[in-house]
Amino acid sequence: MVSSVTSGGTRRMELGGSAHDLINAILKQIKTLRKRAEQLQKQMLNETDPAVRLQLSKEIIEVERTIQLLERQIMQIEEAERRRAKAREEAQHAMALENQASPHHRKTGER
């Protein structure tokens with residue numbers, strides 16, 4: 001799931017600075033959590049005590065859930081930024097149309 005998020009580097013370049021920084025911070029957290037999950041999996045493979053293996057398994061599941069939560073958070077940030085960008089574009093377009101229509105009115109009103 002993260003592959004689709006991390007492959008969006010080009011899209012992130014279009015994001016606002018704070019969103020870009022936030023996404024980068026979240027990606028660092030995800031990277032750290034993935035390493036933790038790998039460590040826990042290695043531990044579990046080497047563990048013989050069923051109770052310890054069960055606890056390690058639960059920890060792995062919790063780390064994976066946290067990763068999924070962070071991935072969803074990134075997608076939400078990207079979607080919010082897309083909506084903001086679209087609203088900005090629409091506002092700029094509306095202003096451009098208004099400016100095209102109103103120069104004639106301004107000239108007559110300036111006298």
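Only this structure's heavy atoms are used, side chains among them; waters, hydrogens and symmetry mates stay out.
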- [ ] Could you list the residues that satisfy side-chain contact (heavy atoms from CB on, under 4.5 Å) with Arg36, not counting sequence neighbours?
- [x] Gln39, Leu40, Gln43, Glu59, Val63

- [ ] Please name all residues satisfying side-chain contact (heavy atoms from CB on, under 4.5 Å) with Leu97, sequence neighbours left out, ordered by chain then number.
- [x] His93, Gln100

Task: Contacts of type salt bridge (charged side-chain N to carboxylate O under 4.0 Å, His left out), residue Glu79, not counting sequence neighbours - done: Arg82, Arg83

- [ ] Please round to the nearest 0.5 Å and tell me the distance separating atom CD1 of Ile74 and atom CD1 of Ile30.
- [x] 4.0 Å

Open item on the list: Regarding Arg84 and Glu81, does a basic nitrogen lie under 4.0 Å from an acidic carboxylate oxygen?
Closed with: yes

Task: Joint hydrophobic cluster, Leu69 plus Ile23, side-chain heavy atoms closer than 4.5 Å - done: no

Open item on the list: Rounded to the nearest 0.5 Å, what separates atom CD in Glu78 from atom CE in Met75?
Closed with: 8.5 Å

TODO: Quick one: list whatever passes side-chain contact (heavy atoms from CB on, under 4.5 Å) with Ser57, sequence neighbours left out.
DONE: Met44, Ile61

Open item on the list: What's the separation between atom CD in Gln68 and atom CG in Leu33, rounded to the nearest 0.5 Å?
Closed with: 11.5 Å

Open item on the list: Taking the side chain as everything from C-beta on, heavy atoms only, tell me whether Leu22 gets closer than 4.5 Å to Ile26.
Closed with: yes

Task: Ala37 versus Ile60, closest heavy-atom pair with distance - done: O-CG1, 4.4 Å

Open item on the list: Listing request: all salt bridge (Lys or Arg N to Asp or Glu O under 4.0 Å) pairs with a residue in residues 46-58, at least two apart in sequence or in separate chains.
Closed with: none

